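To find a chain, count down the sequence lines: A is the first, B the second, and so on, and within it residues start at 1. Here the structure is a predicted model, which is why all the values come from computation and not from measurement.
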Number of protein chains: 2
Amino acid sequence: MKKTTIHEIAKALNIDSSTVSRALNDSDRVKAKTKKRVMDKANELGYTRNMLASNLRRNRSNTIGVVVPRISRYFFSSTIAGIEEMAYQAGYNVIICQSLEEVDRERKIISNLMANRVDGILISVSMETQDHSHLTACVENGTPLVFFDRHVAGMKHTGKVLIDDVRGGFEATEHLIQKGCQKIVHLTAPLDVEIYKNRHEGYRQALEKYNLDYDKNLVLVSKLSKADGNRLAAKILKELDGVDGIFSANDLAAIGVMDYLKSTGVKIPEDIAIAGFSNEPTSAVIEPSLTTVDQSGEEIGRLACNLLLDYFENGNTLVNDRTIMVQPKLIVRDSTKRK
Amino acid sequence: MKKTTIHEIAKALNIDSSTVSRALNDSDRVKAKTKKRVMDKANELGYTRNMLASNLRRNRSNTIGVVVPRISRYFFSSTIAGIEEMAYQAGYNVIICQSLEEVDRERKIISNLMANRVDGILISVSMETQDHSHLTACVENGTPLVFFDRHVAGMKHTGKVLIDDVRGGFEATEHLIQKGCQKIVHLTAPLDVEIYKNRHEGYRQALEKYNLDYDKNLVLVSKLSKADGNRLAAKILKELDGVDGIFSANDLAAIGVMDYLKSTGVKIPEDIAIAGFSNEPTSAVIEPSLTTVDQSGEEIGRLACNLLLDYFENGNTLVNDRTIMVQPKLIVRDSTKRK
DNA sequence: AAATTTAATACAATCGATTGTATTTAATAT
DNA sequence: ATATTAAATACAATCGATTGTATTAAATTT
């Protein structure tokens, strides 16, 4: 299907295509009357600007690339919603990609986004990501990069929108302690992922503040899936004695734990109190409802996107490694409600 | 930041850029040795193909546009995940847009996607969408269109991936009847939206089959938000007498209803049994867990994307108005578990 | 009315890759 | 060794819009 071009409009009006282009872009080098003639003819012929051509010429794509581990995870889908919202307002398109937690895929995605000359990339890195060469290559190539949530520590010339995970971990743990817990298990993912490292650090600091021993046997590492939660709950009951609190680095695993504990008759929160992290929609609804740390995905998405848009306009913020720290909020619910 | 082009590779090797282009595309018009030299030089110079230029020349964008009402709704985010998965495998990018249920926005989005010359569009239309001119324009313009879930009935030359909503509505209602419900309220959204019309039709057919009267006072129309569920539950208790079953056209409203009923001491399912539609993750977790109709988002996304990809390859399926009907599955849970 | 300034438009190159045709080089047949 | 065919590469136009410079037309000044 052949689409109308500015050249056809030009020919129809017997003027030059450069004038048509300027008319359509509302340049003041074209007089009002001509603009109107061009607009009318454009409508008549059903013209829509070919952005591929426009972008090529202007050497920008008007597009932002977004990379998340998994689109369907609530936190990420709400982040995306926030990003899209901001980008839309600013006239940008958003290409969404999911790494599915695989670095190889992440690598390919980045190179694809670069080939498509996206104006910038927003990324929450995969759990597997240890080698960051694809990301540094990106920056060296001049594509601005903004991390949100899962980031790479110490990477220069990038923006970051992070949740204060240390604080979140601290507050959740402190809350458990204040509710009387003395032996608190921490469920986490590999500690070389920044966010988990930090939540763990918050956990440690809280124990320290209240003079509780840090016992590394109480720190259980997994992928934090619901099944992991199930499995680890069984392990806790069988192998660890006297555990009275669990702080899980995400809600999913916490819910897995709760399911298992409920099925075995353990009382929550009386026997074991539980706190999660993320505030998944499910957590408000499960019984007992789950105490958790809220991190507003939409807000983080908006902030990350704004950081990038700001860079497009002013151009000097990212090179200063701007980091925006979002304060998480402890949501106290029934899973820790002891008097 | 200046990026390497094929011309620079060509100059460095003292050959023509057309040969470089062919070498990079593995054309058999270039001999193996030359290909190797080109590849090596490309790596050396850090070349990445400019897809903007390539796409312009080849008059395609390698991109699929996706329009959903709201990204963060679980059903849609899982659809997107399915779409992205398929598109990625086939080497396509996915531009995601959310209409936020506003037609105006939907209209702008479509025109933007066309300007970006996406190769095809996958859309689940907004609730507001009554005037379809922007969609027909799209088709007339030669951009293939595939609807999923929320579609426009009778639109020619488009593909459709639909859930058999009539059947889903029927099964949910029949199940309530078999559980002894005699006076069943149906919560729905405006009936000019196809999916709601069809779920309602299933409801009606089930009543008919079991010789129950269809009473239009029992059909409550709203936007099906959680708040709507709350409000309508109050209304049901106050204004309608003897209601013993509720079939809600989505889970969200059903959950709103449950919250309200639980707070007023109404027993679920003993006093009122409840069935929803969509199988949101929350529904498995709420207490009592919610009986609902499952529609696998990922599956629908994959099917819709495949329909489009198939059209790209074979080119003659959409004009036959291919419709793929996905069978929903009733998930029986505690909210209807009477003996 | 001629000279100068300004407004409006036309010309032509360009963005980076692709592709049909032409040319050169190498391989095979006579 | 020459003619014929095939392989490899070069040339040049093109995709559709943008933009710096040149030109023409109109407006203003002297």
Side-chain angles (χ1 to χ4, degrees), chain A residues 1-39 41-42 45-63 91 112 114-119 141-142, chain B residues 1-39 41-42 45-63 91 112 114-119 141-142:
Chain A
M1 196 92 38
K2 194 70 185 56
K3 269 124 184 172
T4 314
T5 71
I6 54 170
H7 303 290
E8 299 169 62
I9 298 178
K11 196 172 293 169
L13 296 175
N14 213 28
I15 58 177
D16 191 80
S17 60
S18 61
T19 302
V20 173
S21 172
R22 291 194 166 95
L24 292 170
N25 284 306
D26 202 24
S27 156
D28 50 13
R29 280 175 60 175
V30 178
K31 79 173 160 201
K33 203 172 121 198
T34 310
K35 279 183 193 169
K36 173 132 178 44
R37 287 175 62 216
V38 170
M39 295 297 189
K41 184 58 78 177
L45 300 178
Y47 171 82
T48 44
R49 174 199 262 106
N50 186 329
M51 293 306 285
L52 294 176
S54 171
N55 289 338
L56 171 61
R57 181 58 231 251
R58 301 191 310 164
N59 198 33
R60 60 209 299 288
S61 63
N62 236 269
T63 301
N112 172 253
M114 306 240 297
N116 278 281
R117 300 292 190 269
V118 293
D119 299 329
N141 214 277
Chain B
M1 195 90 40
K2 195 69 187 58
K3 268 125 186 171
T4 314
T5 70
I6 53 171
H7 303 290
E8 299 169 61
I9 298 177
K11 194 172 293 168
L13 295 176
N14 212 28
I15 59 178
D16 191 81
S17 60
S18 61
T19 303
V20 174
S21 172
R22 290 194 168 95
L24 292 170
N25 285 305
D26 201 24
S27 155
D28 49 14
R29 280 175 62 175
V30 179
K31 80 175 160 200
K33 202 172 123 203
T34 311
K35 279 183 194 170
K36 172 132 179 39
R37 287 175 62 217
V38 170
M39 296 296 190
K41 186 56 80 176
L45 300 178
Y47 171 81
T48 44
R49 177 199 261 102
N50 186 329
M51 292 307 284
L52 294 177
S54 171
N55 289 337
L56 170 62
R57 181 59 231 251
R58 303 191 310 166
N59 198 34
R60 58 209 299 289
S61 63
N62 236 270
T63 301
N112 172 254
M114 306 239 297
N116 278 280
R117 299 294 189 269
V118 293
D119 298 330
N141 215 277

Can you tell me the distance, in whole Å, between the [atom1] atom of [X] and the [atom2] atom of [N]?
X     : N      : atom1 : atom2 : value
A:K11 : C:dA10 : NZ    : P     : 14 Å
A:D16 : D:dG20 : CG    : C1'   : 13 Å
B:D26 : D:dA8  : CG    : P     : 13 Å

Is there a donor-acceptor pair closer than 3.5 Å between any side-chain N or O of B:S17 and the backbone N or O of B:A10? no
Using a 4.5 Å cut-off on heavy atoms from C-beta on, say whether the side chain of [Y] contacts that of [X].
X      : Y      : value
A:N55  : B:N116 : yes
A:M39  : A:L24  : yes
B:K41  : B:V38  : no
B:N141 : B:M114 : yes

The criterion is side-chain hydrogen bond (donor to acceptor under 3.5 Å, both in side chains); which residues satisfy it with B:N25, sequence neighbours excluded? B:R49
Protein-nucleotides 23-25 of chain C N/O pairs under 3.5 Å:
none

Note: for A:R37 and B:T19 on DNA chain C, the residue whose nearest nucleotide lies more 5' is A:R37
Quick one: the side chain of B:R29 and the base of C:dT21, do they pair up donor-acceptor inside 3.5 Å? yes
Heteroatom pairs (N/O) under 3.5 angstrom, protein to nucleotides 15-18 of chain D:
| from | atom 1 | to | atom 2 | distance (Å) |
| --- | --- | --- | --- | --- |
| D:dG16 | N2 | A:A53 | O | 3.3 |
| D:dA17 | OP1 | A:Y47 | OH | 2.7 |
| D:dA17 | OP1 | A:N50 | N | 3.3 |
| D:dA17 | OP2 | A:I6 | N | 2.6 |
| D:dA17 | N7 | A:H7 | NE2 | 3.4 |
| D:dT18 | OP1 | A:R49 | NE | 3.2 |
| D:dT18 | OP1 | A:S54 | OG | 3.3 |
| D:dT18 | OP2 | A:S21 | OG | 2.7 |
| D:dT18 | OP2 | A:N25 | ND2 | 3.1 |
| D:dT18 | O2 | A:R57 | NH1 | 2.2 |

Kindly compute the distance separating CD1 (B:I6) from CG (B:L45), expressed to the nearest 0.5 Å. 13.0 Å
Among B:N62, B:N112, B:T63, find the residue that satisfies the side-chain contact (heavy atoms from CB on, under 4.5 Å) test when tested with B:V118. B:T63
